[in-house]
Protein chains: 2
Amino acid sequence: MVSEKFVFTFGDDRNEGRAGLTSLLGGKGAHLAEMSSIGIPVPPGFTLTTEVCAAFNASGGAFSDAVREQVATALLQVGAGLGRRFGDEQAPLLVSVRSGAPVSMPGMMDTVLNLGLNDATVEALATVSGDARFAWDSYRRFIQMYASVVMGVHGEVFEHVLDAAREAAGVEHDNELDVDQLRGVVAAFRSAVHDAAGADVPQDAEEQLWGAIAAVFNSWTSERAVVYRRHHDISDTLGTAVTVQAMVFGNAGEDCATGVAFTRDPATGRREIYGEFLRNAQGEDVVAGIRTPHPISVDGAAIGGTDAELTLERAMPEAYADLVRTSELLERHYADAQDLEFTVQHGKLWLLQTRAAKRTAAAALQMAVDMTDEGMISSSDALLRVDASSLDQLLHPSFDPDAAVTVLGTGLPASPGAASGRIALDAQTAVRMAAEAAEGEHVLLVRHETSPEDIEGMIAARGILTARGGMTSHAAVVARGMGTTCVAGLGALQIDYEQRTIQLGGHTLREGDFLSIDGATGRVLEGQVPTVPPRMIGAWERFMGWADERRDLQVWANADSPKDAAQARELGAEGIGLCRTEHMFFDDDRIMIFRRMILARTDESRSTALDALLPMQRSDFHDIFAAMDGLPVTIRLLDPPLHEFLPHTKEGIAELASASGQTIAEISSVIEDLRETNPMLGHRGCRLGITYPGIYGMQARAIAEAAIDAREAGIDARPEIMIPLVGTGRELELLANHVRAVANGVATERGIDPALVPIRIGTMIEVPRACTCADEIAPFADFFSFGTNDLTQLTYGYSRDDAGVFLSAYTQRGVLAHDPFQSIDEQGVGALMHIAKERGRSIKPNLKLGICGEHGGDPTSITFCHELGLDYVSCSPFRVPIARLAAAQAAVRAERARTEAAMRRRAPGASGPDRPLEPLLS
Amino acid sequence: MVSEKFVFTFGDDRNEGRAGLTSLLGGKGAHLAEMSSIGIPVPPGFTLTTEVCAAFNASGGAFSDAVREQVATALLQVGAGLGRRFGDEQAPLLVSVRSGAPVSMPGMMDTVLNLGLNDATVEALATVSGDARFAWDSYRRFIQMYASVVMGVHGEVFEHVLDAAREAAGVEHDNELDVDQLRGVVAAFRSAVHDAAGADVPQDAEEQLWGAIAAVFNSWTSERAVVYRRHHDISDTLGTAVTVQAMVFGNAGEDCATGVAFTRDPATGRREIYGEFLRNAQGEDVVAGIRTPHPISVDGAAIGGTDAELTLERAMPEAYADLVRTSELLERHYADAQDLEFTVQHGKLWLLQTRAAKRTAAAALQMAVDMTDEGMISSSDALLRVDASSLDQLLHPSFDPDAAVTVLGTGLPASPGAASGRIALDAQTAVRMAAEAAEGEHVLLVRHETSPEDIEGMIAARGILTARGGMTSHAAVVARGMGTTCVAGLGALQIDYEQRTIQLGGHTLREGDFLSIDGATGRVLEGQVPTVPPRMIGAWERFMGWADERRDLQVWANADSPKDAAQARELGAEGIGLCRTEHMFFDDDRIMIFRRMILARTDESRSTALDALLPMQRSDFHDIFAAMDGLPVTIRLLDPPLHEFLPHTKEGIAELASASGQTIAEISSVIEDLRETNPMLGHRGCRLGITYPGIYGMQARAIAEAAIDAREAGIDARPEIMIPLVGTGRELELLANHVRAVANGVATERGIDPALVPIRIGTMIEVPRACTCADEIAPFADFFSFGTNDLTQLTYGYSRDDAGVFLSAYTQRGVLAHDPFQSIDEQGVGALMHIAKERGRSIKPNLKLGICGEHGGDPTSITFCHELGLDYVSCSPFRVPIARLAAAQAAVRAERARTEAAMRRRAPGASGPDRPLEPLLS
């Protein structure tokens, strides 16, 4: 429904907009009206609504008469208040035109200043202001901005002219050019524009204005903007608003200035105004970096080590005092830290923009806690003020932001942190190099991809870099689990294992050379870059305490070793949701025994090998139970296909032959027999459990014995056994019976009532069939744990190990809004999870439901898990704090949505009944 | 609900049962009562119901007093009618005890005859019958059967005794032993039983009876029976009935006989009684094969070339006439061909069993058409009388049933037919050997598995045998498509490619040796076994015409070549549902061009390669359009990952290097880059279409040009383009736009209105996400075609190429009721199909829905497709007749179910309202 009102004015007590109208007026327009209405000085102006944008684009680029009339009326009003008139050759009104979408969106046209200037009005401006240099400086700025922003002339064109002018004048900065030199610049600009664009910057003020407005609206549908919106899931129908505002001038003399300010320090959260400004300048000078801006406050200068006399506080103390007052007023009004744009014209402060300030994770947390203490916001508000994902920054070291770096390439930020070390091209070398490394030196393992047999090298490495695989590839999952920095899927990386070199970004590096990887951004940097330690700030404990009070979801961790379990517990984990047992078989002293088990040709020799593994597994489990005393530990029985445990190289096969007493031909034949075309879809998980019952039997025995040992040592062990890859009820029935029989047998052997060492048995829900047939599986399960990694692979038919190639093309081209391995695909995977929940709980209303895929540490996915009604999420140890906060945020948001819905229902003016929640499946 | 009536009598005008009570009385008991009630002579008896079985098993093996009382009463009644009494030492009643489940079930206890005999009653029987030899022959039979069937004594024990007795007596057959010798046999049997079982056959008649009844009930839960039921999806709760029946004796002299008869010839369907009998014998003699039975009729003797005087028709003409009358009566009564067991006692005919006759496919079809012509059944009934799958037998050659064969192993019956040929161990050798083969000699391609690059060898081979892969492996799918015999997944087959030998069933064979494979049974036979051609019988056309009249589903075919398309059309296909385009690239003259396209490093060189392929594809499509003139042809754009087209051997890489002008290292590097861990889940299908738009562009152009060429040649081409592996709406949107733009461009180039050559565009629904998100995809689709091969792989997480190992274990152990690649898994895959249908048609109510996975040729799955409301099924050409019949059967059954439901609704006594159809998903 398009209203009849297309233009909303602000300033001069004609504030037709307000903060709540951002979808109509854009952030900029809405907040200018809001500021003006609370008495903050804002140059008068008006905003064309997003509906005008929609009509403009729908009509192929036309403005209706109504729009033109309302703009003309508003322009007259704005001019009238200032005693000027747009296009008037005596007292010209100059305006800025700025875009302002409902959500901030790079890739769109931003700003054109000084509209209304032409050969005639520039002289009038000179006369009125009594400053010809200022007038011509403004005119050259207008031509430069209009031509580049509206007409698409490349910025270099203007730089060349200015370079030449400065050289001719023998000055360093543009603001040293005098009025005649600026007249020459204007003439040269105009000729350059004509050459570049085949047209002139219009002289007619109306033409300038509508050209700029049209450029803003057109930029909404520019390719860059469309791609950005698709990538960030922003609707194409939102549209952008345009704000037209009377100019105030920071470049009208030495009592003028322009700057940006934050109401609190965006890096630390310190409660003190923070910002930069330039005297006698317009806004783009601050951004362009041609002149170096000065700190606003004396404190700021002290921190930066610059001259206190050059601060706004000292140089323009009254304007500074106004700015501080305005800053405090805005922060109270918005109840959040703000990012301001201001201009001082002949000593008077004008505000040109306010918006919520971007901030570091540390600052966000500090501000949220401080503002709660200041009574400005509630602790629930505080929880929503910190981006859960950003907590990573507080838990891992990062590269020194002041270090000079050379970026060789950018891969996927697979596991956070910053790591430098010597390149090792295989696991054995990594282990050796780590053992031989000098004090303070580390190793980076660099591979096409990693596999389970690389585990010792991965442990020895400070960081892991792979050429293939995505966010849930083996390298990424294992690295996150261990808290090791990892950059994955760097397609440009070429490795020559023979020559022991890598090629990246045009550089060739040898094994042993230094390299650095940034797991937070995916960047790979040349050499050894210094790091800074994580900054755990004082407010942390209180903030996380609030999160724990508010959340409904429990947060468990995925941990495979006692060390990881202890780490997870320290970070707040309330249980282990996934303890993978296969990693335990890759230790040097175990892999040979496990291989003998695989190679066994008789039940006896298989049993002998399993018997040898039993005490090792028992001891693993015992130590994890000890670390998690009193908390549940969910142990997944063996999952990967057996061939993953066999050697792949000639040397490995020869070694196994001599160790096992079988011939190389025999072993090669077993390897050939076990080879699979699609191992992901092969003989693994519970399929192995059924065909090789001895393996799960040994594992069940080890768990039961460890639980009893722990109990006798006074430890409250709470084992839960998880059967992987179940797709039919019968699989779980058979295996649950098998496992329970073994466990009960152990208790009986030890003379203990099995009821005293209860073992819960459940399954991963990770194949689509387990979802549609959850009612067939539930009778045999104490719990379901969604294995969303595999479930996503199977729902889409994407292999994590192979999808990198097209997934990046897919997300770039908007085929996928996001990588479904990072955040749960709610329409596909989520729909199946919903079916599984409904059907599972139709059989067992109290069936415990959790998630142990990588999504368990992703805030968006955690919100979905909360809405779905899961009992817990389980994630890698270092994501536990993120999950705790994300779970709290989901709970707060859900409660607020309920409250709002209830209020809407009670409101008498509510239009019609609430729509019922649409069922996920009809 | 357990009733109070546990025993139902029959015979002597006390027929408490009837044919409709098979679930309570088993087939045997129900039909004995039915026969008796229509006046056919049946020895009197009674049946213990399946409810008694359930109570027996639930109570751990007890009989209630009520059961014991009702049995006692019934026994008295039976005896009273005959003037005898069970266990009486003067006039003993002898009975048989036979199991009879509601569905015929091997693996259960079958029959014990002559119960009631003991050391006393045998003498009474001798006296009463006046034939001591007969009495002692019956007694020795009783001991033998009771001990082996009820007590589990091995049959060999008795063979040894009889061998010794015959040797001592100097006779050849048991019926030549005299009464004293038989006494000795009885004594020896009793002692042997005691030795073997540690117990004696009971002397007490009551004990004998209850022992036999308990053995029947216990056999219901025997492991063999349980496995059988799980395998055939028969409920464990059905239970079995027990029939106790007064003995009549075929062994009481030369005017006695026993035999089996079919009311029509079960091999050909010929309308004439057919069967065998033995004089002076009991039933087991006919089965055991100790004596050779004689044909019943003179005609039968003429066919078998045996002596007409030995037939029942000549030897006992009155009994024969009775049998013919009874046969005609039963056939009319049951309106179907029957399989009878009869006994003639002193010239009088008694019927012991009737059931629907098993028959060959040819006989079934002939009988169905004949009986319709005879007015016995309707044409709809006729359609239900032929097992759709069995039509295969009528379309392919089979091995001569009279040939002596040595079975070396049994794999999966992957593609029907019978083939003998010389072993070739690779595709090149197969091509060479086929070219060099002598007249009438053929080649069998024997491989671990096949891949697309083997295609020429597969075409050259008469049959294909693989060690790996299931019913939908590459070998199986391609072989079925070509109508080539294939046995797949023969795990016991070992191939040594170096030595050029195979090992199977303890035999070592060399390349070039003869071998035979039976695609109907999966058997692999030694040497060259002669075959007999398929028998297309006269009734075929009329029968298939009835099927076409009744079915709602259209039947299309999967065909990749003009030849296959023509074959499919001849077999009744109404369109091509899947034309795979990738096979077209494997021809010798094309593969190198396709490989150059893959290796191209510039857009130009890729375009050049695609331009070279264009005319070849255009000609392929033109010829298929010509073959399918007037019918739709659904062409699937390229689906497999690119690495499938690259060489895998050193020689192949070297050849490609010299052909392409690139180095071996460069090519190896491309191969390494394209290598995938799980190709099934990799860079294929529409993912390639999006990342390599040139490929689909070339294919779309070839289709459009071929369609226009065809139109100009007067051919009504109806192309439908199918985009594979779509999982998101955006994929189909992008590619449908791309394809449509290319097609419209071609029309414009050719000066034709694009509307005159319409191309429908749709997608395969083969990833689970496409099902849950069908409403997101439907806006861009003219049709959905369920690709149930991949959908099954992804729903279960089973790779067709790898699952063989555990799938056979799963089906054997009842984890899966059937192989989900053979018949659609209705709970899992079917539930997803249902969601896809609902969501797709919620957007487009007339969206055309089909299936092109291998399930499209499986009768059970076709029934499901009919119920789901699909528009068509598409299957390999040779399965088209099967699908036509299965579709008709589904329609007939569904209509009957509706009629019955309507009648139930109208019936005043209906108990309560009909239950609504349960929704598949809540």
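The sequence lines fix the lettering, A, B, ..., with proteins before strands; numbering per chain opens at 1.
Of the residues considered (A:G727, A:S669, A:C773, A:P679), A:P679 shows the highest number of contacts with chain B, using heavy-atom pairs under 4.5 Å. Put simply, of A:E776, A:R468, A:E449, the one with the most heavy-atom pairs under 4.5 Å next to chain B is A:R468. Ranked by heavy-atom pairs shorter than 4.5 Å toward chain A, the options B:Q793, B:R675, B:E733 are led by B:R675. Counting heavy-atom pairs under 4.5 Å between each of A:D673, A:L688, A:V815, A:L725 and chain B puts A:V815 at the top. Your options are B:G797, B:A770, B:G491, and the one with the most heavy-atom pairs under 4.5 Å with chain A is B:G797.
Every residue meeting the salt bridge (charged side-chain N to carboxylate O under 4.0 Å, His left out) condition with A:D790, not counting sequence neighbours, appears here in chain and number order: A:R684, A:R800. Under the salt bridge (charged side-chain N to carboxylate O under 4.0 Å, His left out) criterion, B:R687 pairs with no residue at all, not counting sequence neighbours.
Counting only N and O atoms by type, the side chains of B:T466 and B:H448 include no donor and acceptor under 3.5 Å apart. A donor-acceptor pair shorter than 3.5 Å can be found between the side chains of A:H855 and A:T788. With hydrogens and angles left out, the side-chain atoms of A:T691 and A:H683 include a donor and acceptor closer than 3.5 Å. Looking at A:E676 and A:H643, their side chains do bring a donor and an acceptor atom within 3.5 Å of each other.
For A:D775, no part lies under 4.5 angstrom from a heavy atom of chain B. With a 4.5 angstrom heavy-atom cutoff, B:T728 touches chain A only via side-chain atoms. Residue B:A803: no heavy atom, backbone or side chain, is found under 4.5 Å from chain A. Only the side chain of A:L734 comes within contact range of chain B, with at least one heavy atom under 4.5 Å from a heavy atom of that chain. Contacts of B:V805 with chain A are made by side-chain atoms alone, with heavy-atom separations under 4.5 Å and no backbone atom involved. No part of A:E766 comes within reach of chain B, as not one of its non-hydrogen atoms sits under 4.5 angstrom from that chain.
Between the side chain of B:N678 and the backbone N or O of B:M680, no donor-acceptor pair lies under 3.5 Å.
Between B:P768 and A:L794, the shortest heavy-atom contact is CD-O, 3.2 Å.
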